Amino acid sequence: MHLDSSLLIILIVFGFLASFIDSVVGGGGLITLPTLLFTGLNPAVAVATNKLASTIGSLTSTFMFYRSGKLDLKSVIKFFPLTFIGSLLGAYTVHLLNPELLKPLMLIMLAVVAIFTIFKKDWGSLSSPKKLPTYQFIIFLVTIFAIGFYDGFIGPGTGSFLIFSFLLIGFDFLKAAGNAKFLNFCSNIAGLMMFMFLGQVNYTYGIIMGIAQIAGAICGSKFAIKKGSGYVRTLFISVTCLLLAKNVYDYFQ
């Protein structure tokens, strides 16, 4: 496929910017999806192509958090099947149900996450994971599966919801972000597999944007690890509020 230089620059620049943010708290789709739509892809192909690029970016940032010791892989790897299978089911369900059905619930959840985090100022400053009672652990498992399903079905806010879940069980913002990024990678790759099976991925655009996302993920992860939990908290609140504002606007439009 022929690519002119201006289109190539757009894919690289916005892929990098999106991944810089997404590598820490998610929300990169706010930048990459409109960019891919701007290039002329139809919405279904744009969503599928975005999943390819974000899978490459999330794999890179997962590796960066793991290498820095901010990803508790031992604790989080057991949740891999939940987000993976949940996302597969979610991506398949898109063909059976209208994703608009879940949007009101998603808006309420984003609002709760934003408000709770803003007013609980000392939350996530220290990492002290709790041993959950059986019933709470089951609720946590169901929540992780539901977020995986949500990522395959709609997607926006997945990073925020995963980080929030790990904050609730005692992780600080930085480790919550690392753990969330691993599970986000799991749900991304499951959704990507479904879109590849359905033949909806534009590999040229996705790979170019994905390579840019590798650079963005490396820079974003390094910056977050260097700046610490306070920086991640500020970015988390900002991105969650932006996600909420954009989706409220889209919903009422």
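Just so we're clear, the structure is a prediction, and the values are computed from it rather than from any experiment.
Defined by atom type and a distance below 3.5 Å, a donor-acceptor pair is present between the side-chain atoms of Thr240 and Ser160. With hydrogens and angles left out, the side-chain atoms of Ser58 and Asn184 include no donor and acceptor closer than 3.5 Å.
No continuous path of ILVMFWY side-chain contacts below 4.5 Å connects Val112 to Leu242, so the two sit in separate hydrophobic clusters. A single hydrophobic cluster is seen to contain both Phe197 and Phe153, as judged by linkage of ILVMFWY side chains at heavy-atom distances under 4.5 Å, directly or through other members. Hydrophobic clustering of Ile, Leu, Val, Met, Phe, Trp and Tyr side chains at less than 4.5 Å, counting indirect connections, keeps Ile108 apart from Ile163. In the hydrophobic cluster analysis, where Ile, Leu, Val, Met, Phe, Trp and Tyr join through side-chain heavy atoms closer than 4.5 angstrom, Leu141 is grouped together with Phe145. Ile138 and Leu183 are members of different hydrophobic clusters when ILVMFWY side chains are connected at heavy-atom separations under 4.5 Å.
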>> Please determine whether side chain to side chain donor-acceptor pair (under 3.5 Å) holds for the pair Asn50 and Thr32, giving the CA-CA distance in whole Å, both sets of side-chain angles, and the decisive distance to 0.1 Å.
In response: CA-CA 7 Å; Asn50 181 55; Thr32 52; 2.4 Å; yes
> How far apart are the C-alpha atoms of Tyr66 and Phe182, what are their side-chain angles, what is the distance that settles it, and do they pass the ring-ring contact (aromatic ring centres under 6.0 Å, His included) test?
Replying inline: CA-CA 9 Å; Tyr66 175 71; Phe182 172 76; 9.2 Å; no
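Nearest heavy atom pair, residue Gly28 against residue Asp22, reads N-OD1, 2.9 Å. Counting all heavy atoms, side chain and backbone alike, Ile118 lies closest to Cys241 at CD1-SG, 4.3 Å. Nearest heavy atom pair, residue Ala224 against residue Val24, reads CB-CG2, 3.6 Å. Closest approach of Thr83 and Cys186 over heavy atoms only: OG1-CB, 3.3 Å. Taking each heavy atom of Gly206 and Ile56 in turn, the nearest pair found is O-CD1, 4.4 Å. Annotation for Ile21 and Val239: closest pair CG2-CG2, 3.5 Å, computed over non-hydrogen atoms.
Ring planes of Phe161 and Tyr150: perpendicular class, angle over 60° (limits at 30 and 60°).
In terms of modelled atom types and a separation under 3.5 Å, the side chain of Ser19 and the main chain of Ala217 share a donor-acceptor contact. Checked by atom type and distance alone, the side chain of Thr60 never pairs as donor or acceptor with a backbone atom of Ile214 at under 3.5 Å. Panel note: side chain Lys181, backbone Gly159; no donor-acceptor pair is recorded below 3.5 Å. Remark: side-chain polar atoms of Asn179 are not paired, donor with acceptor, to backbone N or O of Leu71 under 3.5 angstrom. Side-chain N or O atoms of Ser54 include one that pairs as donor or acceptor with a backbone N or O of Lys51 at under 3.5 Å. Listed for the Thr39 side chain is a donor-acceptor partner under 3.5 Å among the backbone atoms of Leu36.
With a 4.5 Å cut-off on side-chain heavy atoms, Asp151 and Asn188 count as touching. Annotation: side chain of Leu174 is in contact with side chain of Phe65 (closest heavy-atom distance under 4.5 Å). Contact of the Phe79 side chain with the Val76 side chain is registered, since non-hydrogen atoms from C-beta on lie closer than 4.5 Å. Side-chain contact between Phe63 and Ser221 is absent, with no heavy atoms from C-beta onward closer than 4.5 Å. Within the 4.5 Å cutoff, no side-chain heavy atoms of Val142 are placed close to those of Leu82. The closest side-chain heavy-atom distance from Ile10 to Thr35 is below 4.5 Å. Residues Val25 and Val232 are in side-chain contact: their nearest non-hydrogen atoms beyond the backbone lie under 4.5 Å apart. Residues Phe149 and Thr93 have side chains in contact (heavy-atom distance under 4.5 Å, counting atoms from C-beta outward).
Checked against side chain to side chain contact (heavy atoms under 4.5 Å, CB included), Leu88 has the following partners two or more places apart in sequence or in another chain: Phe84, Ala190, Met194. In this view, Tyr203 and Leu52, Met196, Val201, Ile207 satisfy the side chain to side chain contact (heavy atoms under 4.5 Å, CB included) rule, not counting sequence neighbours.
Distance CG/Leu17 to CD/Gln213: 10.5 Å, rounded to 0.5 Å. Here Gln136 contributes atom CD and Leu168 contributes atom CG; the two are 10.0 Å apart, rounded to the nearest 0.5 Å. In this structure, Ile218 CD1 and Phe16 CZ are separated by 9.5 Å, a value rounded to the nearest 0.5 Å. Of the inter-residue distances, the one linking Leu167 atom CG with Phe236 atom CZ reads 6.0 Å to the nearest 0.5 angstrom. Here OG1 of Thr158 is found 9.0 Å from CG of Leu243. Values are rounded to the nearest 0.5 Å. Here the CG atom belonging to Leu192 is positioned 9.5 Å from the OG1 atom belonging to Thr49, to the nearest 0.5 angstrom.
Under the 6.0 Å cut-off for aromatic ring centres, Phe140 and Phe166 qualify, their centroids lying closer than that.
Within a 6.0 Å sphere centred on OH of Tyr231, other residues, nucleotides and ligands contribute more than 12 heavy atoms.
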